[in-house]
J.: 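Once you've had a glance at the structure underneath, I'll fire off some questions.
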Amino acid sequence: MSKTQFMTLARHIIEGEKRHPEATGELSRLLSDLSLAAKVISLEVNKAGLVDILGYTGDNNVHGEKVKKLDVFAHNILIRAMDHGGHFCAMVSEEEEEIIHIPAKHKIGKYVLLFDPLDGSSNIDVNNSIGTIFSIYKRITPDDKPGTHEDLLQKGIKQVAAGYVLYGSSTILVYTTGEGVYGFTLDPSFGEFLLSHDDIKIPKKSRIYSINEGNYLYWHSGLKKYIKYLQEEDEKTDRPYSSRYVGSMVADIHRNLIYGGIFMYPSDHRHPKGKLRLMYECNPMSFIVEVAGGRASDGEQRIMEIQPTSLHERTPLFIGSEEDVKMVEQFIIQELVK
Ligand code: AHG
Ligand code: MN
Ligand code: MN
């Protein structure tokens with residue numbers, strides 16, 4: 001597509017569905033509703049330094065972490081934008097322990113939505129990038145009843161769409177329905193998402209790694225050896241790598257998706273399952289990265305093949321350029337077989 005042709009998100013989604021005669025148009029409508037929520041959150045994020053929205057609410061989320069007001073705002077906006085469209089039979093948010101059911105007055109739909117309303121929330125107060133992540137599945141229980149755990153606890157490979165919104169130097173929405181990964185930048189003057197990143201492909205090998213090195217002491221030895229390996233000098237393999245870590249997974253993975261890179265949140269001696277959540281952080285990001293030609297694993301297994309057992313479970317994550325993820329897997333497995 002020529003850069004002078006304005007391709008809006010809405011048009012792009014509709015054209016994608018046209019290639020599938022069996023499509024009902026529902027996914028288009030649902031993604032449009034999501035993009036509306038993204039615009040509202042983006043506006044609020046941009047105002048964060050101006051209005052009295054900073055600081056803690058005093059409440060803890062389901063993981064016992066302090067919740068900032070903007071997390072709650074984004075959580076509420078997403079529910080308000082998505083619960084009455086007739087698309088969903090259940091939702092899950094990082095900020096709510098239980099399933100979010102669709103109010104009885106609204107039609108129940110055939111999809112489920114899982115989301116992290118605001119990712120990287122420790123960055124809000126310091127004007128660093130933050131994001132929203134979403135994951136969509138088709139329900140598997142009968143259509144006329146409220147959604148259940150069974151509908152929500154599906155493997156990542158069953159996702160029908162996933163995406164993220166990055167509130168950075170500009171706001172960008174990246175999504176996939178399994179055929180290509182597309183990025184749309186929000187034009188703040190007329191409020192449209194316009195195609196800016198067509199058919200994103202992640203470089204097969206990179207020279208960037210992203211990990212919280214403050215946890216070095218607690219890492220397993222395979223990972224310690226891998227990071228040391230990245231820091232050694234070797235022209236042939238383009239080492240040493242550069243280290244880049246924002247502390248917002250959406251921002252870190254978005255950069256790596258465009259430039260190439262590996263993002264890691266491993267398990268360690270203190271956190272046997274790592275930190276990140278499978279259902280609304282790791283699975284959607286893995287779907288996007290894999291469709292873009294990358295790889296995502298927990299060190300031993302493909303993230304999207306993990307059978308989830310609870311809504312908020314955690315998993316270690318190694319995600320990004322294919323060759324880099326394969327390399328860290330080798331280091332981890334070598335230690336395990338010792
Ligand atoms: P959230 O703000 O949704 O709780 O997620 C924060 C996550 C993720 O975005 C980021 O990569 C990671 O936490 C950072 O954790 P550390 O501060 O432990 O590095
Ligand atoms: Mn998060
Ligand atoms: Mn969050």
Side-chain angles (χ1 to χ4, degrees), residues 37-38 41 44-45 48 54-57 59-79 91-97 100 113-135 162-168 174 208-219 223 227 243-257 261-286 288-289 296 298 303 311-320:
I41 298 168
E44 203 63 21
V45 166
L54 301 181
Y56 295 101
T57 60
D59 296 327
N60 289 336
N61 72 12
V62 292
H63 314 289
E65 299 152 345
K66 282 270 182 221
V67 173
K68 297 198 167 188
K69 279 185 185 168
L70 213 46
D71 301 41
V72 178
F73 176 86
H75 166 87
N76 290 335
I77 286 293
L78 278 159
I79 294 173
M91 297 188 274
V92 165
S93 162
E94 183 193 26
E95 303 300 338
E96 200 157 320
E97 182 133 25
I100 302 162
L113 172 69
L114 301 100
F115 57 91
D116 178 355
L118 215 60
D119 175 70
S121 42
S122 67
N123 280 323
I124 298 171
D125 286 1
V126 289
N127 266 25
N128 278 357
S129 298
I130 49 183
T132 296
I133 311 171
F134 61 89
S135 168
Y164 61 79
V165 187
L166 172 62
Y167 313 103
V174 173
I208 291 178
Y209 72 96
S210 318
I211 190 167
N212 184 344
E213 296 198 67
N215 295 328
Y216 180 86
L217 201 64
Y218 310 108
W219 291 347
L223 181 65
I227 300 295
S243 164
R244 295 279 183 276
Y245 192 72
V246 176
S248 279
M249 179 177 63
V250 171
D252 279 311
I253 294 184
H254 179 71
R255 181 203 52 243
N256 292 357
L257 190 64
I262 176 167
F263 173 91
M264 294 162 270
Y265 212 109
S267 60
D268 63 30
H269 294 306
R270 290 187 304 179
H271 304 105
K273 299 281 273 175
K275 174 181 185 186
L276 300 174
R277 270 70 78 169
L278 176 63
M279 300 309 295
Y280 41 79
E281 290 183 319
C282 301
N283 268 334
M285 297 313 264
S286 299
I288 291 164
V289 167
D298 68 359
I303 290 290
L311 299 176
H312 298 284
E313 75 186 66
R314 298 172 195 264
T315 175
L317 176 67
F318 301 89
I319 185 169

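First listed ligand is number 1; within each ligand, the first listed atom is number 1. Not measured: the values here are computed from a predicted model.
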J.: Is D71 close enough to the Mn ion (ligand 3) to have an N, O or S atom under 2.8 Å?
T.: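 D71 does not place any N, O or S atom closer than 2.8 Å to the Mn ion (ligand 3).
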
J.: Measure the distance from atom 15 (O) of ligand 1 to every protein heavy atom, then report the residue, atom name and distance (to 0.1 Å) of the closest one.
T.: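 So the nearest neighbour among protein heavy atoms is K275 NZ, 2.9 Å.
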
J.: Going by heavy atoms, is L118 under 4.0 Å from ligand 1?
T.: yes

J.: Checking contacts here: is it the side chain or the backbone of D119 that comes within 4.0 Å of ligand 1, counting heavy atoms only? Could be both or neither.
T.: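 Under 4.0 Å from ligand 1, D119 contributes backbone and side-chain atoms.
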
J.: Would you say ligand 1 has an N or O under 3.5 Å from any N or O of N212?
T.: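 Yes - when backbone and side-chain N and O of N212 are compared with those of ligand 1, one distance drops under 3.5 Å.
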
J.: Using a 3.5 Å cut-off on N or O atoms only, is F263 in polar contact with ligand 1?
T.: no

J.: Check whether any N, O or S atom of L118 sits under 2.8 Å from the Mn ion (ligand 3).
T.: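 Checking L118: at least one N, O or S atom is under 2.8 Å.
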
J.: What do you reckon, does D252 have a nitrogen or oxygen under 3.5 Å from a nitrogen or oxygen of ligand 1?
T.: no

J.: With backbone taken as N, CA, C and O and side chain as the heavy atoms from C-beta onward, which portion of S248 lies under 4.0 Å from ligand 1: side chain, backbone, both, or neither?
T.: backbone

J.: Can you find a heavy atom in the side chain of M264 that is under 4.5 Å from one in the side chain of I227?
T.: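 Side chain of M264 against side chain of I227, heavy atoms only: contact under 4.5 Å found.
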
J.: What about S122: any of its N or O atoms under 3.5 Å from an N or O on ligand 1?
T.: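 No, there is no polar N/O contact under 3.5 Å.
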
J.: Considering Y280, Y245, Y265 one by one, which has a heavy atom nearer to atom 18 (O) of ligand 1 than any of the others?
T.: Y265

J.: Give the atom name of whichever N/O/S atom in D116 sits closest to the Mn ion (ligand 3).
T.: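 Nearest to the Mn ion (ligand 3) within D116's N, O and S set: OD1.
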
J.: G120 to ligand 1: N or O pair under 3.5 Å?
T.: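 Looking only at distances, the answer is yes, because the N/O contact criterion of under 3.5 Å is met.
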
